[in-house]
Amino acid sequence: SIKEKDWRVFNLIMPIISCSPFIKNIQMVRERPIELDKELLIYPDKYNLKEIHTPLYYLPRFTRENFKKDFGLSPACFQAPEYAINHAKKLLKTTRPVAVISPRYTNFESTRNTKEEYINELIDKLINKGFTVGYIHDQEDTGIIHKNILKRKYLIMLPEASFNLPLRLAIAEIANVNIVTPCGLMSFIQLAKSTPNMVCFDMIKPPNSSYTGDVGDYEHRAGMDLYKKQPYPWSTPNSIFLWNENIEVDLLVKEAVNASKFERPAKFK
């Protein structure tokens, strides 16, 4: 519905965009972008602007293979403001390394949501590995999953970061490792200038209901090499993608430990 789309625009997309120091203004187009400049945008193969049901995926030109191969560049542009970084440091005050998890729980294609039992098992195993776990609940989880996360000594609940996206980015930059599922906020972390340590799991799940199961179709839409641990041309070694429908918790924890070994920038220490 229009109401749900507006909610996502104003609670997710615009706050995310506002974290880029390179953005000077934001314009929202209510109609399909038939008139937008094709010299500035890349449309996926077989994309038809006249078809109402064609998914609206388009990326700024050069955000794909050209970035690194031809120019040695990265599209990473997000940067948390200083006030958010200072607040995040206070929230994550602990002597242990920090693993931040942000499970998926949304009404949109709920089959992709992270199961409650899985979340609790993941938290326990991360704590056993010596982490303090930061938990950010999904914006659309008004308590259904959140209230069933068992309290632990080394668990920090971060509800403010669910809606305060500059703070969420700051937490991602500071944390020793971020564990996420496929969603828009995954890109928010991966495209941060400080290249946060990240493990994204359950990547085999369809990105949306229009996904046909065709690997080539998904590659064209998302601009990535499927099944690689670093699927984007600009991917860094500390940004790991695990491709399977159901990733075992032990494997996820193992990869999180490996990713957490990458040093964070000096300003976050």
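Throughout, numbering of the chain's residues begins at 1 and tracks the sequence.
- E173 places a side-chain heavy atom less than 4.5 Å from the side chain of L169.
- The main-chain N or O of I149 is never found under 3.5 Å from a side-chain atom of N120 such that the two would form a donor-acceptor pair.
- Between A192 and A76, the shortest heavy-atom contact is O-CB, 3.7 Å.
- Nearest heavy-atom pair, A259 versus V199, reported as atom, atom and distance to 0.1 Å: CB-CG2, 4.0 Å.
- Here the shortest heavy-atom pairing between P182 and F201 reads CD-O, 3.2 Å.
- No side-chain heavy atom of E121 sits under 4.5 Å from any side-chain heavy atom of V253.
- One N or O on the side chain of N197 and one on the backbone of N176 form a donor-acceptor pair closer than 3.5 Å.
- Put simply, the side chain of L252 does not reach to within 4.5 Å of the side chain of K125, judged on heavy atoms.
- Nearest heavy-atom pair, C200 versus M186, reported as atom, atom and distance to 0.1 Å: SG-SD, 3.2 Å.
- Through direct or relayed side-chain contacts under 4.5 Å between Ile, Leu, Val, Met, Phe, Trp and Tyr, V100 connects to I85, L91, L92, V98, I136, I156, L158, L167, I171, I174, F268.
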Practice problem: Please report the C-alpha distance between I127 and K153 in whole Å, then the side-chain angles of each, then the deciding distance to 0.1 Å, and finally whether the side-chain contact (heavy atoms from CB on, under 4.5 Å) criterion is met. | Solution: CA-CA 9 Å; I127 290 174; K153 180 180 179 181; over 6 Å; no

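- Rounding to the nearest 0.5 angstrom, the gap separating the CD1 atom in I179 from the CG atom in L242 is 10.0 Å.
- Of the possible polar contacts, none joining the D138 side chain to the S102 backbone as a donor-acceptor pair under 3.5 Å is found.
- Although no hydrogens or angles enter the test, the distance criterion places a donor-acceptor pair under 3.5 Å between the side chain of S162 and the main chain of H137.
- The closest donor-acceptor contact from the side chain of R168 to the backbone of I189 lies at 3.5 Å or more, if one exists at all.
- The hydrophobic cluster of F262 has no other members, since no ILVMFWY side-chain heavy atom comes under 4.5 Å of it.
- In this structure, L122 CG and K115 NZ are separated by 14.5 Å, a value rounded to the nearest 0.5 Å.
- Contact check for P103 versus Y118: no side-chain heavy atoms found under the 4.5 Å cut-off.
- Here the closest non-hydrogen pair linking A170 and A88 is CB-CB, 3.9 Å.
- From K267, atom NZ reaches atom CD of E82 across 6.5 Å, with rounding to the nearest 0.5 Å.
- The two residues I123 and V133 come nearest to each other via the heavy atoms O-CG2, 4.0 Å.
- Residues passing the ring-ring contact (aromatic ring centres under 6.0 Å, His included) test with Y105: none are found, sequence neighbours excluded.
- To the nearest 0.5 Å, atoms CD (Q79) and OG (S194) are separated by 8.0 Å.
- Here the side chain of R112 pairs no donor or acceptor atom with the backbone of T181 at under 3.5 angstrom.
- Looking only at side-chain heavy atoms (C-beta outward), R152 and D124 come within less than 4.5 Å of each other.
- You'll find the side chain of Y232 reaches within 4.5 Å of the side chain of Q190, heavy atoms only.
- Ring planes of F188 and F78: perpendicular class, angle over 60° (limits at 30 and 60°).
- Summarising the local packing, NZ of K89 is surrounded by more than 12 heavy atoms from other residues, nucleotides or ligands at distances under 6.0 Å.
- In this structure, I101 and L126 have side chains that are in contact, with non-hydrogen atoms separated by less than 4.5 Å.
- Taking NZ of K229 as the start and CD1 of I240 as the end, the distance is 6.0 Å to the nearest 0.5 Å.
- Cluster membership for V180 and F163, using ILVMFWY side-chain heavy atoms within less than 4.5 angstrom, is not shared.
- For NZ of K129, the number of neighbouring non-hydrogen atoms (other residues, nucleotides, ligands) closer than 6.0 Å is 12 at most.
- A distance of 13.5 Å separates CZ of F241 from NZ of K228, quoted to the nearest 0.5 Å.
- Under a 3.5 Å cut-off, the side chain of R104 and the backbone N or O of T114 do not form any donor-acceptor pair.
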